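Note that the structure is a prediction, hence the values are computed from the model and not measured.
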Amino acid sequence: MGIDQRRWWWWNAVVLIGMVGVAVTVTGSDSHEKQEQVVSRIAFGSCSNQSAPQPIWDAVVDFHPQIFIWLGDNIYGDFKRPFKIFGQERTVGPWKNVPRFVPSSEQEMKTRYKKAKSNPGYARLQQNAEVIGIWDDHDYGLNDAGKEFPGKITNQKLLLDFLDEPQDSPRRKQAGVYASYTYGPVGRDIKIVLLDTRYHRDPVGSDGTILGNLQWLWLEKELKGPLTALTIIGSSIQVISNLSATIHPLFAMESWGRFPKERDRLFKLIADSKRAGVFFISGDVHFGEITRYDCALDYTLYDVTSSGITQSIEEVVPPFLRSVVRFVAWLTPSTMRVKGQNCRYKSCIYGQPNFGTIEINWDSHPVTLKFKVRDKNGIAVTGVDVSLTELQLSNSEILDRVKAGHNNQKHCTLEVSLPWIVRYRLAILFCFTLVVLLVAFLVLAYTCFRLFRLEGCKRKHD
């Protein structure tokens, strides 16, 4: 090999090494920049029907979030049969003979994701914020489904495609869509942990597992890893509230409260991790609220629920009945809900389209957080301001003083522990109303019968 040829090979080797070095530097730089970015504005939401109008995205974009978190039901991928008590196909009631919800095909799921992603408002959000997320039942593939659902492997790929997850991401290789992200420099860092409450979940009522063994091991590793100033745990279903305990047997909702051993295990893991600044965000229930539990750790645990982008409990009833829905929401017992003057309605439940926001003022002393649920115009309908100090306390005397600042109410009584007459007052009122209506109907029927007989007798006499 001649001298010139050796120089040529040497020069090419240097250039190649330099290109590799530049590529590594750029990749590392991007990663470092993402980690060092101070995050102070986060938005989140759930329950978005791709076929429904979605004007709320304008308000989400105007909030200027740096991160948007999907908490499930990002599309409605399953089919919903009509509400039928009688007939050949009965979807509800004691004579139900077919399921009301059925899964759709892979192609139909793709079509629905494509429609959701092409929404102009959502497209604008994607251009201005990082979008991350998990699924719940309707984008998992079937209403209220758990580990038994056979389409979960295919639908996991479709969700991750919707979220623009890289093809080499570990999420594409694992069983479930759980993930964690860390943002910000030390002292202003935020860890976001997103849980998969579907892929490994046992049937509701079994008091089995929600996360499954592999996800529990992963979660333990995440929470016992390097500490951060804040830790946001995203769950598609509510963690703190257990309204099913107070609305049963009229209605039922999925929540961690219906898996009490799993919820206790979650609280214990957080306590054992010695991690401060932990709070939850959730979706699923088609209304927004903020709940708190004061007796799980040595500081208060909050759960900010936002549901939904399009689906809400008031939207399914005629406008003249919405005041009835609000009255029922106010009447339903809740030991965990945060109530105060910041609520639009007395119940502090908001049953119209909404999204959630988290604002962090890192420059205040102490650092302050604002948890809010906002309407389709971006106006807050319920909210609470929390000092980061409140999420770090270990001194019980100081903790009591902080709690005293929140209307002197200690949120420690679980819904299942309420006296039965309080716990079931909604069902009692419903049954009483039915009895009154039935008696009124019988009285009316008897009166009509008597009048008919009297009229008949009078005609016969004439």
Trainee: With the side chain counted from C-beta on, respond yes when Asn128 and Leu125 share a heavy-atom pair under 4.5 Å apart, and no when they do not.
Mentor: no
Trainee: Using the rule side-chain contact (heavy atoms from CB on, under 4.5 Å), only one of Ile240, Ile290, Ile349, Thr382 pairs with Arg337; which is it?
Mentor: Ile349
Trainee: Once you round to the nearest 0.5 Å, how far does CZ of Phe267 lie from CH2 of Trp256?
Mentor: 9.0 Å
Trainee: Report yes or no: do Thr246 and Arg423 form a side-chain donor-acceptor pair below 3.5 Å?
Mentor: no
Trainee: If we only count heavy atoms from C-beta on, is the Phe79 to Glu108 side-chain gap below 4.5 Å?
Mentor: yes
Trainee: Taking the six-membered ring for Trp and the full ring for Phe, Tyr or His, determine whether the centres of Phe101 and His138 are under 6.0 Å apart.
Mentor: yes
Trainee: How about Trp218 and Tyr178: are their ring centroids closer than 6.0 Å?
Mentor: yes
Trainee: Would you give the length of the straight line joining atom CG of Leu266 to atom CG of Leu195, rounded to the nearest 0.5 angstrom?
Mentor: 7.0 Å
Trainee: Evaluate whether atom NZ of Lys152 has more than 12 neighbouring non-hydrogen atoms of other residues, nucleotides or ligands under 6.0 angstrom away.
Mentor: yes
Trainee: Less than 6.0 angstrom from the centroid, inside 45 degrees of the normal: does Arg100 satisfy that with respect to the ring of Phe83?
Mentor: no
Trainee: Angle class for the Trp57/Trp70 ring planes (parallel below 30°, perpendicular above 60°, tilted otherwise)?
Mentor: perpendicular
Trainee: Kindly compute the distance separating CZ (Phe287) from CE (Met253), expressed to the nearest 0.5 Å.
Mentor: 4.5 Å
Trainee: Can you say whether the rings of Tyr140 and Trp135 are parallel (under 30°), tilted (30 to 60°) or perpendicular (over 60°)?
Mentor: perpendicular
